Amino acid sequence: QVQLVESGGGLVQAGDSLRLSCAASGRTFSRYAMGWFRQAPGKEREFVASISRIGGTTYVDSVKGRFTISRDNAKNTLFLQMNSLKPEDTAVYYCAASGLVTPVRRYDYAYWGQGTQVTVSS
């Protein structure tokens, strides 16, 4: 089992950058594929990016070239570097962990953090 705690959210202007972190408990962080999701008010939670146990990454089209997901297995930490932020990126961002090799759907992730708010003003 793994517990996840996100941090790094905040209020920024369009074009600014933020770096989200997700600290994981336990000694088995490296065994999990990790993902970032976001949920805007009134909308479904949507996939943002994922990283496999060995570092392979996947992104939703709307963030490609702007966001970078990475992980530091020695520090049990997941990151999401967000550049060139847009108002439509405003949402609560969640990190999640999956025991599957290649999680695809939201429901492939068994463990979730509590979320961190990102607000981008125009």
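Source: prediction; values computed, not measured.
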Does NZ or CZ of Arg106 fall inside the cone over Phe37's six-membered ring, less than 6.0 Å from its centre and within 45° of the axis?
no
For Thr68 and Gln81, indicate whether the former's side chain and the latter's backbone hold a donor-acceptor pair under 3.5 Å.
no
Is a side-chain donor or acceptor of Thr28 paired with a backbone partner of Arg31 at a separation under 3.5 angstrom?
no
Going from SG on Cys22 to CG on Asn76, what distance comes out if it is rounded to the nearest 0.5 angstrom?
10.0 Å
Value rounded to 0.5 Å, distance of CZ in Arg45 from OH in Tyr93
13.0 Å
Are Val12 and Met82 close enough that some pair of their side-chain heavy atoms sits under 4.5 Å apart?
no
Residues Thr119 and Gln117: side-chain donor-acceptor under 3.5 angstrom
yes
Nearest heavy-atom contact between Ala49 and Leu80 is CB-CD1, 4.4 Å
Taking the side chain as every heavy atom from C-beta outward, state whether Met34 and Phe29 have any pair of such atoms under 4.5 Å apart.
yes
Out of curiosity, Ile69 CD1 to Ser52 OG, how far, rounded to the nearest 0.5 Å?
9.5 Å
Arg66: what forms a salt bridge (charged side-chain N to carboxylate O under 4.0 Å, His left out) with it, not counting sequence neighbours?
Asp89
Just so I know, are the side chains of Gln114 and Glu6 near enough to count as touching, which here means a heavy-atom distance under 4.5 Å?
yes
Any donor-acceptor N or O pair under 3.5 Å, side chains Ser17, Asn83:
yes
Salt bridge (charged side-chain N to carboxylate O under 4.0 Å, His left out) partners for Asp108, two or more places apart:
Arg105
Would you indicate whether the side-chain heavy atoms of Tyr111 and Cys95 approach each other to under 4.5 Å?
no
Measure the shortest side-chain to side-chain distance between Leu78 and Ile51 over non-hydrogen atoms and say whether it is less than 4.5 angstrom.
yes
Separation between OG1 (Thr102) and CZ (Arg53), nearest 0.5 Å, reads 9.5 Å
State which residue, out of Leu85, Leu18, Val60, Leu20, fulfils the side chain to side chain contact (heavy atoms under 4.5 Å, CB included) condition with Phe67.
Leu85
Crowding at CD, Gln3 (>12 non-hydrogen neighbours, <6.0 Å)
no
Looking only at heavy atoms, what is the nearest atom pair of Ala24 and Val2, with distance?
CB-CG2, 3.8 Å
Compare all side-chain heavy atoms of Thr58 with those of Phe47 and state whether any distance is below 4.5 angstrom.
yes
For Phe79, does the six-membered ring have the charged nitrogen or CZ of Arg71 within the cation-pi criterion, i.e. under 6.0 angstrom from the centroid and within 45° of the normal?
no
Hey, does Val48 have a side-chain heavy atom less than 4.5 Å from the side chain of Val63?
yes
Closest non-hydrogen atoms of Lys43 and Gln39, given as atom of the first, atom of the second and distance, are O-NE2, 3.1 Å
Heavy-atom closest pair, residues Leu4 and Ala97
CD1-N, 3.8 Å
Does any part of the side chain of Ser50, heavy atoms only, come nearer than 4.5 Å to the side chain of Tyr59, both counted from C-beta?
no
Output the distance between atom OG (Ser62) and atom CD (Glu88), rounded to the nearest 0.5 Å.
8.5 Å
To the nearest 0.5 Å, how far apart are CD in Gln13 and OG in Ser122?
9.0 Å
Do you know the tightest heavy-atom contact between Tyr109 and Pro103?
OH-CG, 3.5 Å
